[in-house]
Trainee: 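First, the structure itself, so that you have it in front of you.
We name chains A, B, ... by the order of the sequence lines, and we start the count at 1 in each one.
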There are 2 protein chains.
Amino acid sequence: MKFKNITLKDVAKEAGVSVPTASRVLNNEKFVSDAVRERVLDAARRLNYTPEWSARSLRLRKTDVIGVIIPNVADYFFSSIVLGVEKFFREKGKDIILFNTSNDERIEERAIKLAVSKRVEGIILATICRNHNVIESLVEEFGIPLVIVDNKIDVKNVDFVLCDDVNCSFKLIEHLINVHGYKKIACISGPLDESSGFDKLLGYKKALIDNGIPVKEDYIKIAYWKKSKAYEATRELLSMDNKPEAIYCMNANMLIGCLRYLNEKGVKVPDDVAVLTFDDYDYVSALNPPVTALERIDLDMGLKAAELLYRRINGEKSEYKEIRISPELVIRKSCGCK
Amino acid sequence: MKFKNITLKDVAKEAGVSVPTASRVLNNEKFVSDAVRERVLDAARRLNYTPEWSARSLRLRKTDVIGVIIPNVADYFFSSIVLGVEKFFREKGKDIILFNTSNDERIEERAIKLAVSKRVEGIILATICRNHNVIESLVEEFGIPLVIVDNKIDVKNVDFVLCDDVNCSFKLIEHLINVHGYKKIACISGPLDESSGFDKLLGYKKALIDNGIPVKEDYIKIAYWKKSKAYEATRELLSMDNKPEAIYCMNANMLIGCLRYLNEKGVKVPDDVAVLTFDDYDYVSALNPPVTALERIDLDMGLKAAELLYRRINGEKSEYKEIRISPELVIRKSCGCK
DNA sequence: AACGTTATTAATATCGTTTTCTTAACTATG
DNA sequence: CATAGTTAAGAAAACGATATTAATAACGTT
């Protein structure tokens with residue numbers, strides 16, 4: 001069943017040349033005669049030769065492998081990032097190996113170390129880590145290029161690809177205030193020790209304050225990006241004496257939790273309460289009513305991160321960047337429009 | 001910045017032993033004195049040694065890498081499979097490298113060849129390929145264990161992990177007939193040259209026939225798993241003289257397309273038309289009304305496939321299996337229940 | 001005391017590449 | 001025609017690990 005692998009030696013022998021010559025041909029180097037080149041290529045084709053990558057890696061000290069470390073592949077946001085990264089690097093002839101951290105800080109830490117020990121050429125990381133020492137020391141010590149997506153943390157010598165969370169949140173809330181005249185706006189927020197949560201809340205508050213509406217702490221529910229907690233939060237919000245007129249969900253997961261409760265109780269959107277979400281996914285526009293959101297950026301984010309990483313791998317030495325993507329509003333019916 | 005990598009030689013020197021001895025210690029082999037073992041481990045720790053995997057692979061002729069080939073990571077169904085596979089194999093100390101085929105047969109073919117040439121130890125494949133020669137010849141020639149998920153194709157010496165599509169479709173339709181008395185049931189189907197599409201249609205037809213309802217070809221729309229085509233199909237169905245009482249979407253993507261049309265036109269579910277879907281994802285239960293579906297199996301599928309593959313990698317020689325997962329109905333309101 | 005046995009370590013070969021380093025042959029130049 | 005320069009190809013070394021084989025030490029047996 002399993003035959004002996006064809007090596008360069010076999011190809012060389014078949015073509016009647018030395019091994020290094022065969023190597024030179026297959027790597028498209030100069031200084032080989034056309035006759036020999038032809039013979040070697042022909043032999044390689046005939047024998048169906050495929051190079052042994054581990055030998056090549058060993059010699060060349062490069063693996064052509066990229067590490068992608070994310071909290072959850074089965075989350076639309078992250079899997080879209082992975083899609084972009086895979087597409088970009090596949091074309092460049094690099095493989096990506098995937099690490100799923102399950103939102104566990106220790107697993108993330110282990111994943112980073114593992115990736116480094118496997119000599120990946122670069123890492124794209126969607127971090128949930130609060131302890132940045134590991135990251136910092138690995139970057140310092142091994143000099144592996146690192147691009148962090150979605151969350152800003154305090155680490156040097158790293159590129160970031162982020163969403164312009166503050167302004168985006170701001171835009172959503174201003175729409176509610178300016179167009180619909182709402183004043184009682186609640187939000188279901190992510191955790192505040194992640195910049196993507198913190199900044200979104202910042203934008204929310206800024207929009208209120210700029211428009212002379214006092215921030216009401218009761219209207220802010222932290223649901224840690226989770227459906228079940230958002231469900232609970234929605235229940236609490238609707239059982240208040242001073243019910244909000246609108247609920248702003250800071251990601252799509254929490255939107256799902258929120259809508260589950262609303263549908264269960266027969267609360268009408270947007271008549272009884274308006275609903276907004278940050279992320280726009282396919283199903284958001286298929287909801288009844290379709291939900292107002294911001295344009296999708298995950299695909300773009302993956303692509304941008306990949307591009308940046310690629311340039312670093314190829315030795316670009318420029319200042320470390322912090323790219324902010326700024327999606328536009330996608331107005332649908334759940335906010336009360338139309 | 002980037003220091004010289006620490007090799008086993010350095011460790012050996014530091015510990016004052018030979019290289020092979022250091023190797024034996026780190027691989028937990030017998031025939032080393034406790035004193036030496038301690039010295040080597042200590043040296044390795046002090047120098048922060050990490051093995052060079054390509055060297056190890058070269059010598060051992062094993063890569064500890066699994067290939068996962070799927071049409072689209074950013075599709076919930078497939079990313080959930082990936083999640084299961086990653087979790088399983090991470091624990092076994094194996095990496096997974098991801099190939100996204102973008103639903104393109106040629107890319108899939110290339111991915112398989114690439115995976116093989118990278119000497120992955122096994123492959124998990126969600127295929128859309130109609131030309132099975134490539135698969136067959138690779139399995140034959142290289143003897144790499146292969147587990148195919150979601151679609152049955154005509155290939156020998158391969159394990160399958162599938163959904164019991166015929167019976168599941170049957171269950172859904174029978175529910176519509178028996179409980180709700182519907183007779184005019186349309187379906188939006190996947191392509192029929194994939195078993196997952198063909199078998200679902202088979203179950204649909206069987207349910208009708210077994211209950212004495214003639215199959216009406218006009219009620220069968222092929223939408224190739226796509227949102228846009230499902231949108232179009234829904235439009236066609238609702239513009240028929242003899243409108244269906246219920247629409248059965250064979251996957252969640254097509255459900256989204258279908259619902260988009262229904263919501264846009266203000267068609268009431270389930271009063272004007274009942275709706276069913278095959279796949280159940282988080283958002284399906286957050287829709288208004290929540291949509292009746294079958295239990296999720298994607299996570300389970302990934303795990304099962306990984307287990308099977310792992311056993312093959314470890315040399316299990318038993319008969320090749322065809323595992324069928326059989327999810328139960330999840331009855332919600334979109335079918336007219338409650 | 002001589003020998004065999006066993007536990008521990010070292011020396012060497014090997015995996016499949018690519019990178020020097022050489023050497024040979026050919027070309028151009030005066 | 002001599003000499004330098006260029007092109008083409010091979011020989012040998014290297015990458016970092018492990019497997020195989022050989023060597024040594026310690027020990028018990030007779």
Trainee: Can you find a side chain N or O atom of A/T7 that sits less than 4.0 Å from OP1 or OP2 on C/dG16?
Mentor: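 For A/T7, the contact criterion (side-chain N or O under 4.0 Å from OP1 or OP2 of C/dG16) is not met.
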Trainee: Is A/T21 near enough to D/dA8 that one of its side-chain N or O atoms lies under 4.0 angstrom from OP1 or OP2?
Mentor: no
Trainee: Return the nearest nucleotide to the side chain of A/V19; candidates are C/dT17, D/dT18, D/dA8.
Mentor: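 Given the options C/dT17, D/dT18, D/dA8, the side chain of A/V19 is closest to C/dT17.
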Trainee: Should B/S57 be listed as having a side-chain N or O under 4.0 Å from OP1 or OP2 of D/dA17?
Mentor: no
Trainee: A/F31 has an atom CZ; how far is it from atom P of C/dT20, in whole Å?
Mentor: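 Taking atom P of C/dT20 as the reference, CZ of A/F31 is at 14 Å.
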Trainee: When all nucleic acid strands are considered with a 4.0 Å heavy-atom cut-off, which category describes B/S33: base, sugar-phosphate, or nothing?
Mentor: sugar-phosphate
Trainee: Taking only side-chain N and O atoms of B/Y49, does any of them lie within less than 4.0 angstrom of OP1 or OP2 on D/dG16?
Mentor: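 No, no such contact exists.
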Trainee: In this structure, how many angstroms lie between the P atom of C/dG16 and the CZ atom of B/R119, rounded?
Mentor: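 These atoms are roughly 9 Å apart.
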Trainee: Looking only at side-chain N and O atoms, does A/R110 offer a donor or acceptor that is under 3.5 Å from a partner on A/T101?
Mentor: no
Trainee: Base, sugar-phosphate, or nothing for A/L60, non-hydrogen atoms under 4.0 angstrom?
Mentor: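 Sugar-phosphate, no base atom in range.
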Trainee: Measure the distance from CZ on B/R37 to P on C/dA7 and round it to the nearest whole Å.
Mentor: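 Roughly 14 Å, once rounded to whole Å.
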Trainee: Return yes if some donor-acceptor pair links the side-chain N/O of B/N100 with the main-chain N/O of B/V73 below 3.5 Å, else return no.
Mentor: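 Judged by distance alone, yes, a pair lies under 3.5 Å.
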Trainee: CD of A/E52 versus C1' of D/dG16: gap in Å, rounded?
Mentor: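 Rounded to whole Å, this separation is 15 Å.
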Trainee: Are A/N48 and B/E141 side-chain neighbours, meaning at least one heavy-atom pair lies under 4.5 Å?
Mentor: yes
Trainee: Just to confirm, is there a sub-4.0 Å distance from OP1 or OP2 of C/dT9 to any side-chain nitrogen or oxygen of B/R24?
Mentor: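 For C/dT9, OP1/OP2 do not have a side-chain N/O of B/R24 under 4.0 Å.
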Trainee: Restricting to non-hydrogen atoms, name the atom on A/Y76 and the atom on A/S79 that form the minimum distance, rounded to 0.1 Å.
Mentor: O-OG, 3.3 Å
Trainee: When the nearest nucleotide of DNA chain C is assigned to B/L58 and to A/L26 on a heavy-atom basis, which residue is associated with the more 5' position?
Mentor: B/L58
Trainee: In whole angstroms, how far is the C1' atom of C/dC15 from the CZ atom of A/R56?
Mentor: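 Taking atom C1' of C/dC15 as the reference, CZ of A/R56 is at 17 Å.
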Trainee: Could you tell me if A/R56 and A/N27 have a donor-acceptor pair between their side chains, going purely by distance under 3.5 Å?
Mentor: yes
Trainee: Could you state the CD-P distance from A/E29 to D/dA9, rounded to the nearest angstrom?
Mentor: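 These atoms are roughly 13 Å apart.
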Trainee: Remember a base hit wins even if backbone is also touched, and classify A/V17 as base, sugar-phosphate or nothing at under 4.0 Å, heavy atoms.
Mentor: sugar-phosphate
Trainee: Side-chain donor or acceptor of A/R59 under 3.5 Å from a matching atom on the base of C/dT18?
Mentor: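 Between C/dT18 and A/R59, which were checked side chain against base, a qualifying N/O pair under 3.5 Å is present.
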Trainee: Hey, is the side chain of B/R61 poking within less than 4.0 Å of OP1 or OP2 on C/dG16, counting only N and O atoms?
Mentor: yes
Trainee: Scan side-chain atoms only and decide if A/S18 and A/T21 contain a donor-acceptor pair under the 3.5 Å cut-off.
Mentor: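 Indeed, the side chains of A/S18 and A/T21 share at least one donor-acceptor pair under 3.5 Å.
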Trainee: In this structure, how many angstroms lie between the P atom of C/dA7 and the CG atom of B/D34, rounded?
Mentor: 14 Å
Trainee: With a cut-off of less than 4.0 Å, is there a side-chain N or O of A/N5 near OP1 or OP2 of C/dG16?
Mentor: no
Trainee: To the nearest Å, how far apart are B/K9 NZ and C/dA10 P?
Mentor: 15 Å
